[in-house]
Amino acid sequence: KNQVEQSPQSLIILEGKNCTLQCNYTVSPFSNLRWYKQDTGRGPVSLTIMTFSENTKSNGRYTATLDADTKQSSLHITASQLSDSASYICVVRVLSGGYNKLIFGAGTRLAVHP
Amino acid sequence: ETGVTQTPRHLVMGMTNKKSLKCEQHLGHNAMYWYKQSAKKPLELMFVYNFKEQTENNSVPSRFSPECPNSSHLFLHLHTLQPEDSALYLCASSQQAGGGTGELFFGEGSRLTVL
């Protein structure tokens, strides 16, 4: 069964600290993996996309990694800011009968405190 | 601004009411989606429209009725809802369903409360 599991479910850190969010998936065949950021009361916005051949990709203070062998991805946030408080959703795209489907994780809720 | 606008942002309705959610995208996309987001659960795909044609109905109860008059507009008609239908309803669009990189552009959502 295609599944995406995210951990931790929630996380509290102090401003300026780093943190890492995890995404494990049991999806086949894999097409790509995307991280979304969802601010409270807003819709999700794409942060980065990882394809099979990519191991790491950065977007400002956000760095995503992908290990296609172990089917794991991480999102590392450096020098956190209050505006990083949000839910982070991992979405894996799977090829299904020639039609790509999206499998969503439940998200990690991050709170950055001053 | 993501280019996808949803109205209303908040809606409270009784179980016997009939209401509609509206979504409009200004991105020139050909696919539009309705998702349901409940606390601590993954987004649940409800409906997919590709070039105005419904391509997916994810076993959604008939009390939810979608309408897609053109590629830019999507509605979700609601009637005789249950309290467990209370959730955030997200509209999204993409270049086309199943193609491209799969990036979805979401609206801000409509927070629905059923009393």
Side-chain angles (χ1 to χ4, degrees), chain A residues 1-11 23-27 29-54 57 59 64 86-110, chain B residues 1-10 21 23-25 27 29 31-51 53-58 74 87-112:
Chain A
K1 182 181 177 183
N2 289 322
Q3 281 188 311
V4 175
E5 301 285 343
Q6 291 189 244
S7 62
Q9 189 175 78
S10 62
L11 180 63
C23 175
N24 297 338
Y25 59 93
T26 55
V27 163
F30 175 89
S31 179
N32 62 46
L33 182 149
R34 194 181 291 273
W35 285 93
Y36 284 85
K37 179 187 179 188
Q38 184 176 20
D39 293 317
T40 301
R42 310 290 291 272
V45 176
S46 177
L47 284 175
T48 186
I49 180 174
M50 305 292 290
T51 59
F52 187 86
S53 59
E54 295 174 308
K57 183 180 286 186
N59 178 3
S87 288
Y88 293 84
I89 302 172
C90 175
V91 184
V92 181
R93 196 168 185 226
V94 57
L95 186 62
S96 175
Y99 182 87
N100 292 307
K101 286 198 170 185
L102 301 177
I103 312 297
F104 286 77
T108 292
R109 181 176 295 276
L110 173 66
Chain B
E1 287 291 332
T2 65
V4 181
T5 304
Q6 289 187 241
T7 55
R9 293 292 309 278
H10 301 273
L21 306 181
C23 178
E24 182 175 0
Q25 59 97 0
L27 300 170
H29 290 163
M32 296 189 77
Y33 311 75
W34 279 117
Y35 281 90
K36 176 183 179 182
Q37 187 175 36
S38 304
K40 300 182 181 180
K41 293 174 66 176
L43 269 70
E44 299 173 50
L45 178 64
M46 300 175 71
F47 302 102
V48 181
Y49 279 83
N50 200 33
F51 295 93
E53 298 298 320
Q54 187 180 119
T55 57
E56 192 156 348
N57 175 339
N58 203 23
L74 185 65
L88 181 67
Y89 288 85
L90 289 164
C91 173
S93 71
S94 69
Q95 287 282 357
Q96 65 178 74
T101 65
E103 182 174 6
L104 297 176
F105 293 79
F106 288 90
E108 309 273 79
S110 293
R111 173 68 63 184
L112 173 66

Which region of B:Lys41, side chain (C-beta onward) or backbone (N, CA, C, O), has a non-hydrogen atom less than 4.5 Å from a non-hydrogen atom of chain A, or is it both or neither? backbone

Measuring heavy-atom distances to chain A, does B:Glu44 have an atom under 4.5 Å in its side chain, in its backbone, in both, or in neither? neither

So, the part of A:Ile103 with a heavy atom under 4.5 Å from chain B: the answer is neither

Which heavy atom of B:Phe105 sits nearest a heavy atom of B:Val4, and at what distance? O-CG2, 3.4 Å

Please report the C-alpha distance between A:Ile49 and A:Lys57 in whole Å, then the side-chain angles of each, then the deciding distance to 0.1 Å, and finally whether the side-chain contact (heavy atoms from CB on, under 4.5 Å) criterion is met. CA-CA 8 Å; A:Ile49 180 174; A:Lys57 183 180 286 186; 3.9 Å; yes

Counting heavy-atom pairs closer than 4.5 Å to chain B, which one of A:Ser10, A:Gly41, A:Gly43, A:Ser31 comes out on top? A:Gly43

Need one label for B:Arg9: side chain, backbone, both or neither, based on atoms under 4.5 Å from any heavy atom in chain A. side chain

Where does B:Leu43 contact chain A at under 4.5 Å (heavy atoms): side chain, backbone, both or neither? both

Can you give me the closest heavy-atom contact between A:Ala64 and A:Thr48, atom names plus distance? CB-CG2, 3.6 Å

B:Leu112 and B:Tyr89: which non-hydrogen atoms are nearest, and at how many Å? CD2-CE1, 3.6 Å

Residue A:Gln38 versus chain B: region with a heavy atom under 4.5 Å: side chain

Do B:Tyr33 and B:Ser94 have side-chain N/O donor and acceptor atoms under 3.5 Å apart? yes

Heavy-atom pairs under 4.5 Å with chain A are the metric here; pick the option from B:Leu88, B:Leu104, B:Leu45 that has the most. B:Leu104

Sort out for me which of B:Gly102, B:Gly109, B:Cys91, B:Gly107 touches chain A most, counting heavy-atom pairs under 4.5 Å. B:Gly102

For the residue pair B:Thr101 / A:Arg93, report whether a side-chain donor-acceptor contact shorter than 3.5 Å exists. no

Would you please indicate yes or no on a ring centroid separation below 6.0 angstrom for A:Phe104 and B:Tyr35? yes

